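Have a look at this one.
Owing to the predicted nature of the structure, the values given are computational and were not obtained by experimental measurement. Numbering of ligands and ligand atoms starts at 1, following listing order.
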Amino acid sequence: MADALYDQRLAADALDLVARAARSYVDALPGLPVHDRAGDHLLDQLDGALPEDGSGTLDAVDQLLTIGTRAATHSSGPRFFHFVVGGSTPAAQAGDWVTSLLDQVAGLWAASRFATRAETVVLRWLKDLFGLPASYGGVLTPSATFANLTGLACARYWWASQHGVDVTVDGLAGLPRMPVLASGYVHPSARKALQILGCGRDTIQVHARDDAGRVDLAAMDRALAGIDGPAVLIGTAGEVNTGDFDPIADLADLAERHGAWLHVDGAFGLFAAVSPRTAHLVAGVERADSVAADGHKWLNVPYESGFAFVREPELLSRAFGAWNARYLEAEGDAEINYNSLGPESSRRARALPIWATLRAYGRQGYRAMVERHHDLARRLGRLVDQAPDLELLAPVPLCVVCFRYRPPGVPEAQLDELNQRLGAALLADGRVFVGTTVYRGMTALRPAIVNWRTTEADIDLLVSVVREVGASLRP
Ligand SMILES: Cc1ncc(COP(=O)(O)O)c(C=O)c1O
């Protein structure tokens, strides 16, 4: 042992080291490029053989900080627009440190009353924030993928029980294929959840009326009428390419009429409910049977953070409980074992950063943030529209702006290749992070604005960097 592992003082000294580095890192973050390739050579210092004798507590933590603060992607800074990646509010980030400090086992009530109570409280607050009925059950998950898994596992339990089978006990053998219907907006993570559940990733019946993937309600209605037995609908609140929404209320009507289950994937789009300005986009979500969303996107809580809500709370324990391990049983209604309500067993107290950020900023703080990001997205949409070499490809309903570089004189046939090169060049440049997607068959950029640090100046810089790098690549 290179130093006294069991020396109490080193535990606090190591945390001090992190706190000191945090001050300069966080202060510098708004001015840092998203990625600085000059730090890449430090990655080699992570490598090497397993140490026989360690270098000691403070040395190891110091090395990690030195490498990490330079080689990491500064994705919690204001100009990471790739994918849909939120930052961390100051309260959430500190709350996350508290999670590590206290190191609670959050799945079992008997292991931490504190973590259990915090989870119950934040689930209640989140339902309130999103306008979901207080009677819904819920559980915190590591991500929206896990939240989709949770909601769809409940759907699968419900569906199998309509066929007289307890799928938790007996599995899927002997059952027909579970019919799952969606628009073209369905996210790959819902497919992944179905794949994990043994329902098949590619069994979703997609009913789309155009190449953007917008739902064909009439076709879905006809398909549901032709299905013998119950079915599952997946609605997407916030599609990744453009931020558009399935008409959730219409899907809820269809589900009601055909006795189907409605699962809504609102990974980031559920946050539209937080502002009266955008709440119409997600109207009807309060009629869903299950709802999935992320904390590490628009709640601006550090990774990993997600949540699932289910209309019929008991289905969570039916789908995930029944461990057959007496020592894990809960003792009463208030003494909840959250590990029997979701896919994880041992789990960290991921309620704490959520509690801290909701306590710190409240409903109005989040409303203001959603509205500011909506304003910033519309500003970006306007700037794109006004630029002679950029083309807006879709309306801007919420926080995603889909566009491409289209300088005059470049033939259509060359635009995909040009935009692919542009996406790669932007990531290599590192001043702003925005990658490509394929939208309606066209290679496009689709920045998402969901970070509390992002300002108008960051949006303006995004446009000027895209145009500058684009011009340098023109054929
Ligand atoms: C609509 C939607 N669902 C699910 C996910 C998956 O989220 P996560 O990576 O948190 O699992 C995303 C990610 O962007 C998404 O946009």
Open item on the list: Polar contacts were defined as any N/O atom of the residue lying under 3.5 Å from an N/O atom of the ligand; does this apply to D265 and ligand 1?
Closed with: yes

Task: G238 heavy atom under 4.0 Å from ligand 1 - done: yes

Task: Side-chain donor-acceptor contact under 3.5 Å, T89 with T357 - done: yes

Open item on the list: Can you tell me which portion of A144 lies within the under-4.0 Å heavy-atom range of ligand 1? Options are side chain, backbone, both, or neither.
Closed with: both

TODO: For F268 and ligand 1, answer yes if some heavy atom of the residue is under 4.0 Å from a ligand atom, otherwise no.
DONE: yes

- [ ] Considering heavy atoms of the protein only, find what lies nearest to atom 16 (O) of ligand 1 and give residue, atom and distance to 0.1 Å.
- [x] V240 CG1, 2.9 Å

Mind listing the side-chain donor-acceptor pairs of residues 214-227 below 3.5 Å, one per line with the distance, residues two or more places apart or on another chain?
residue : atom : partner : partner atom : Å
R214    : NE   : D210    : OD2          : 2.7
R214    : NH2  : D210    : OD2          : 2.7
D216    : OD1  : A218    : N            : 3.3
D216    : OD1  : A219    : N            : 3.0
D221    : OD1  : H258    : NE2          : 2.5
D221    : OD2  : R257    : NH2          : 3.1

TODO: Find all atoms of ligand 1 within a distance of less than 4.0 Å from any non-hydrogen atom belonging to D294, and give their numbers and elements.
DONE: 7 (O), 8 (P), 10 (O)

Open item on the list: Does any part of the side chain of L398, heavy atoms only, come nearer than 4.5 Å to the side chain of W298, both counted from C-beta?
Closed with: yes

Task: Numbered atoms of ligand 1 (with element) below 4.0 Å of H296, judged on heavy atoms - done: 10 (O)

TODO: Could you tell me whether K297 and ligand 1 have an N or O pair separated by under 3.5 Å?
DONE: yes

Task: Nearest-0.5 Å distance, OG1 of residue T443 to CG of residue L418 - done: 10.0 Å

Task: Validation row, ring centre F80 to ring centre F433 under 6.0 Å - done: yes

Task: Which residue and heavy atom of the protein sit nearest atom 5 (C) of ligand 1, plus the separation - done: H187 CE1, 3.3 Å

Task: Pair S275-E371, side-chain donor/acceptor within less than 3.5 Å - done: yes

TODO: Report, in ascending order of atom number, the atoms of ligand 1 lying under 4.0 Å from any heavy atom of S189.
DONE: 3 (N), 4 (C), 5 (C), 6 (C)

Open item on the list: So, taking the atom named CZ in R446 and the one named CG in N241, what distance separates them when rounded to the nearest 0.5 Å?
Closed with: 6.5 Å

Task: Proximity of H373 and F271 rings by center, below 6.0 Å - done: no

Task: Identity of the nearest option to atom 6 (C) of ligand 1, non-hydrogen atoms only, from T141, V84, T145 - done: T145

